There are 2 protein chains.
Amino acid sequence: MRIVNTKGKKFRVPDATILRLPLYLDKLILLQQAGVKEVSSRQLATSLDIKASQLRHDFHYFGGFSKPGRPYQVDKLVPALEEIIGVDVPVPMIIVGAGHLGQGLANYRNFERLGFPLRGIFDVDPKLVGLEIRGVPIRPLSEMQAFVKGNGIKVGVLTVPVSVAQDVANQMVAAGVVGIWNFTPTDIRTPPQVIVRNERLAVGLMCLSFKSKRIGQTDELKPD
Amino acid sequence: MRIVNTKGKKFRVPDATILRLPLYLDKLILLQQAGVKEVSSRQLATSLDIKASQLRHDFHYFGGFSKPGRPYQVDKLVPALEEIIGVDVPVPMIIVGAGHLGQGLANYRNFERLGFPLRGIFDVDPKLVGLEIRGVPIRPLSEMQAFVKGNGIKVGVLTVPVSVAQDVANQMVAAGVVGIWNFTPTDIRTPPQVIVRNERLAVGLMCLSFKSKRIGQTDELKPD
DNA sequence: TTAGTCCTGTCAAAGACCTAACAAGAACGG
DNA sequence: CCGTTCTTGTTAGGTCTTTGACAGGACTAA
């Protein structure tokens, strides 16, 4: 992944850095809402449980966000990061599959706040079609492709049963979605220009289990 | 994170490996349910979009799961990984906060399948208390501490509003939970023996956005 | 002005991680 | 019995990532 920074130089941005950018933005928006105007790399890094030098190193790829000697200004950093991450312009999204998980996500307010307004929800179940979640109606799946094309939808959330996941994903790709957030516990195949992010919820649980099982074996643990 | 493998040697298991173990187990359980008996490192790795050598390298920390020359036997590998990850014995869990996201997670069948049976759901809202989700009743939050102690609950899922997240987390810690899966978009502080895993849903979306924004700039992309 | 303190940008070294390569075992067919 | 083709376990080397260190700017107080 390459990018051009403000000085016109090209850098390869490491994946590890990319994964942290949203964490920075998320925290900075919280600070902004709390009225904080300035934040130093040390403050921000400490609150995210990383090293300050790493944070500065990450920011370094994108050119100076501050002058040396002065802490970062939250109100400047937020839009800069938003632009880098690609949420400076809202990214409209849809949820496909209005089961419990789909409905739960549709009700999650945070997405809107971070630039991902929910524009549509789709399902095959006639009992669900017509219901509204926070003002967004559940539409029949058959209308999905036209809706995506007509509304410039970029991202689709996939929360359908495993058995139809690939088929529905194909429809989303055909409609022109560029990113799929896959909550089904299966892999889906897409053309290379369509990004898939698998959200394996159970994986998070298992990592928690692995660590909590070994906690207390303090002699085996390094000061993490 | 150190561990003793079957030969009595101590290895430091890299974090990166730990993060992949649940992926392996998840995939293997799917294969097992499909009736697959044997799987090679190449098959398994390809389906997870990683290199076969990396998978073998990961397994190598825990001692031989197979003999050289023969592929892995799914029925032996699954319990071995379950034991390593710590889900060989079911890890009972509760969900605290029965809002939309909490309900959505409560309806997610996969957790049970992977060794995390849902034993209780808690909320302060009298309108929700008494309802059942898949046979699990929603109880008043005031009963949570006694329930955790009485039922040996290890893991708690936190899906309450941000404003009360820390307070509720404190109650969970006091009750004896050893792991908290935090879905609230805020940090919570716990004693060091309690593991917190933050599930920042919006972070996943932003990574998707970052990548999909830059797709198509093919000249800038290495063959990922 | 000067000393002290806090800050960022930058880089090189250290550390963690991934991967290609290969030895050697197993199964199969001829 | 031998060659072929599959496999895993193992390691060395290369790559990616993190970290500590430091130069120098900005501000404050005396």
Side-chain angles (χ1 to χ4, degrees), chain A residues 1-3 5-21 23-24 28 31 36-74 76-77 80-81 222-224, chain B residues 1-3 5-21 23-24 28 31 36-74 76-77 80-81 222-224:
Chain A
M1 194 67 79
R2 285 174 190 280
I3 203 168
N5 82 351
T6 48
K7 294 171 190 160
K9 282 188 180 178
K10 284 185 183 181
F11 288 92
R12 186 188 162 282
V13 182
D15 286 344
T17 294
I18 294 172
L19 289 175
R20 280 189 294 270
L21 293 179
L23 295 174
Y24 299 147
L28 283 163
L31 290 175
V36 176
K37 293 297 174 196
E38 293 188 332
V39 66
S40 71
S41 60
R42 188 168 42 76
Q43 291 170 312
L44 191 53
T46 303
S47 73
L48 287 164
D49 205 25
I50 61 171
K51 293 281 192 296
S53 56
Q54 179 168 74
L55 186 149
R56 291 201 299 274
H57 201 305
D58 285 341
F59 283 3
H60 182 220
Y61 290 106
F62 304 100
F65 287 140
S66 169
K67 275 170 267 185
R70 296 295 305 145
Y72 300 109
Q73 289 175 259
V74 176
K76 286 189 179 173
L77 202 45
L81 278 175
K222 284 192 174 180
D224 193 14
Chain B
M1 193 67 80
R2 286 174 190 281
I3 204 168
N5 81 351
T6 50
K7 293 171 192 162
K9 282 188 181 177
K10 282 188 181 179
F11 288 93
R12 187 190 160 278
V13 182
D15 287 345
T17 294
I18 293 172
L19 290 175
R20 279 188 296 269
L21 293 179
L23 295 174
Y24 300 148
L28 283 163
L31 291 174
V36 176
K37 293 296 174 195
E38 293 188 331
V39 65
S40 71
S41 60
R42 188 167 42 75
Q43 290 170 312
L44 191 52
T46 304
S47 73
L48 287 164
D49 205 26
I50 61 171
K51 294 281 193 296
S53 54
Q54 178 167 76
L55 186 149
R56 292 201 297 276
H57 201 310
D58 284 343
F59 283 5
H60 182 221
Y61 289 107
F62 303 100
F65 288 140
S66 168
K67 278 170 265 188
R70 297 295 306 145
Y72 299 107
Q73 290 175 258
V74 176
K76 286 189 181 173
L77 202 45
L81 278 174
K222 282 191 175 180
D224 193 15

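A, B, ... follow the sequence lines: proteins, then strands. Residue 1 opens every chain. Both backbone and side-chain heavy atoms feed into the values below; hydrogens, waters and symmetry mates do not. Computed from a prediction, not measured in an experiment: that's the story for all the values here.
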[X]: what forms a side chain to side chain donor-acceptor pair (under 3.5 Å) with it, not counting sequence neighbours?
X     : result
B:E38 : B:R70
B:Q73 : none
A:S41 : A:R56
A:S66 : none

Grab the [atom1]-[atom2] distance between [X] and [N] for me, whole Å please.
X     : N      : atom1 : atom2 : answer
A:R42 : C:dC7  : CZ    : C1'   : 9 Å
A:L44 : C:dC7  : CG    : P     : 12 Å
A:Y61 : C:dC11 : OH    : C1'   : 11 Å
A:L55 : D:dG20 : CG    : C1'   : 16 Å
B:F59 : C:dC18 : CZ    : P     : 14 Å
A:Q73 : C:dC7  : CD    : P     : 15 Å
B:Q43 : D:dT5  : CD    : C1'   : 14 Å
B:K51 : D:dT11 : NZ    : C1'   : 19 Å

Base, sugar-phosphate or nothing for [X]? Non-hydrogen atoms, less than 4.0 Å.
X     : value
B:Y72 : sugar-phosphate
A:F65 : sugar-phosphate
B:S53 : base

[X] side chain: which of [options] is closest?
X     : options               : result
B:Q54 : D:dT19, C:dC7, C:dC18 : C:dC18
A:P14 : D:dT17, C:dT19, D:dT8 : D:dT17
A:R12 : D:dT17, C:dT8, C:dT19 : D:dT17

5′-ward residue of the pair A:A16/B:P71 relative to DNA chain D = B:P71

Look at the side-chain N and O atoms of [X] and state whether any lies under 4.0 Å from the OP1 or OP2 oxygen of [N].
X     : N      : value
A:S66 : C:dT8  : no
B:R20 : C:dC17 : no
A:H60 : C:dG9  : no

task = Could you list the residues that satisfy side-chain contact (heavy atoms from CB on, under 4.5 Å) with A:A16, not counting sequence neighbours?
result =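 A:A16: side-chain contact (heavy atoms from CB on, under 4.5 Å) contacts with A:R20.
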
key: Counterpart residues, side-chain contact (heavy atoms from CB on, under 4.5 Å), relative to B:A80 (two or more places apart)   = B:F65

Test log, rule side-chain contact (heavy atoms from CB on, under 4.5 Å), inputs B:L21 and B:Y61 = CA-CA 11 Å; B:L21 293 179; B:Y61 289 107; over 6 Å; no

From CA spacing to verdict: side-chain contact (heavy atoms from CB on, under 4.5 Å), A:I50, A:Y24 = CA-CA 11 Å; A:I50 61 171; A:Y24 299 147; 3.4 Å; yes

message = Looking at the base of C:dT19, is there any donor atom on it, or on the side chain of B:H57, that sits under 3.5 Å from an acceptor on the other one?
response = yes

For nucleotides 22-30 of chain D, which of its nitrogen or oxygen atoms have a protein nitrogen or oxygen under 3.5 Å away, and what is each distance?
unit_1 : atom_1 : unit_2 : atom_2 : d
D:dG25 : N2     : A:G69  : O      : 3.1

key: Option among A:L44, A:L28, A:L55 that satisfies the side-chain contact (heavy atoms from CB on, under 4.5 Å) test with A:Y72   =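 Among the candidates, only A:L55 passes.
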
request  = Just report the end-to-end axis angle for the helix from C:dT1-D:dA30 to C:dG30-D:dC1, five pairs per end, to 10 degrees.
outcome  =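 Here the local axes at opposite ends form an angle of 10°.
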
ask   = Can you name the residues that form a salt bridge (Lys or Arg N to Asp or Glu O under 4.0 Å) with A:K37, not counting sequence neighbours?
value = A:D75

